[in-house]
Amino acid sequence: MPYNPALVAPMRAEMTRMGARELTNSADVDATIGDQKGSMLVFVNSVCGCAAGNARPALALALNHKPLPQHVVTVFAGQDLDAVARARQYFGEYQPSSPSIALLRDGEVVHFVHRHQIEGRSPQAIAADLTAAFDRFFGAAVA
Amino acid sequence: MMSGHIFHPGHSELHGITVVVETKGPLTYVGRYDSEDERGVHMLDVGVHHDSAGDSKEEFVRKSAKFGIRSEHKQLIVPLAEVIRITRLGSMAG
């Protein structure tokens, strides 16, 4: 059962403030991720205060970096169930976890940050891993 | 193994953390540590490896770290007497 929308509203707002576009149903997901060209970051948001509470600020920090993914989108686990289930179909062999972060190039997952790579780590440490992945997968040499 | 940082205040240091639980027997578990009591270690969203499986235990853990946990049990209790080591999955290379 989805969480109370009022409870998750600040967590949604935190994402949209940093420029992420919310995908709230499977049609949104298909239209955005399906047949996607270029680079994209998909953030699977979560109400888990300690993991997602560090992952969201980490992403905000990482988005100050260059290079960046061309598109940043988010789905909300435990809330937008249809959208999350569909997004996970695009993640191939990567198992569901939330929060998590997928980096895609031309629709293929090139890097995945699982919940266990977020737990107990500072936003700065998580952001450093993300920006290293941006450099590796979205840098000029691979664009 | 742990930094001393309490991930979820008011709970065990490992509460909410994804761990590998190695046992004296043929089974290895990967999942979120919830709590511990006289019945054992309570875990959530747990993948299980049996030594008779095709992949080795090390390969199971490596794949879990890289691709995530293939959850077979929503909840599971591992008897304390069976446990020989609990390690954060995040501390292992993916």
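Lettering follows sequence order; numbering is per chain, from 1. On a predicted model such as this, the values are computed, not experimentally measured, just so you know.
- At a heavy-atom separation below 4.5 angstrom, chain A is approached by no residue within residues 36-43 of chain B.
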*In sequence, state the C-alpha distance, the side-chain angles, and the governing distance for B:Ser71 and A:Gln95, and then conclude on side chain to side chain donor-acceptor pair (under 3.5 Å).*
CA-CA 9 Å; B:Ser71 175; A:Gln95 298 295 314; over 6 Å; no

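- Hydrophobic clustering, with ILVMFWY side chains joined whenever heavy atoms are under 4.5 angstrom apart, groups A:Val110 together with A:Phe134.
- One distance of note links NE2 of A:His114 with OG of B:Ser64; it measures 9.0 Å at 0.5 Å rounding.
- A distance of 9.5 Å separates CZ in A:Arg115 from CD1 in B:Ile69, rounded to the nearest 0.5 Å.
- A:Leu61 and A:Ile101 are assigned to two separate hydrophobic clusters, defined by single-linkage of ILVMFWY side chains at heavy-atom distances under 4.5 Å.
- The hydrophobic clustering, which links ILVMFWY residues whose side-chain heavy atoms are closer than 4.5 Å, places A:Leu23 and A:Val44 together.
- No more than 12 heavy atoms of other residues, nucleotides or ligands shown are found within 6.0 angstrom of CZ on B:Arg70.
- In this structure, B:Lys66 and A:Tyr94 have side chains that are in contact, with non-hydrogen atoms separated by less than 4.5 Å.
- In this structure a side-chain-to-backbone donor-acceptor pair under 3.5 Å is present from A:His116 to B:Ala65.
- Note: the hydrophobic cluster containing A:Met18 also contains A:Ile126 (ILVMFWY, side chain heavy atoms under 4.5 Å, direct or indirect links).
- Under the 4.5 Å side-chain contact rule for hydrophobic residues, A:Val84 and B:Phe67 share a cluster.
- Remark: the backbone N or O of A:Glu119 is paired with a side-chain donor or acceptor of B:Arg88 at under 3.5 angstrom.
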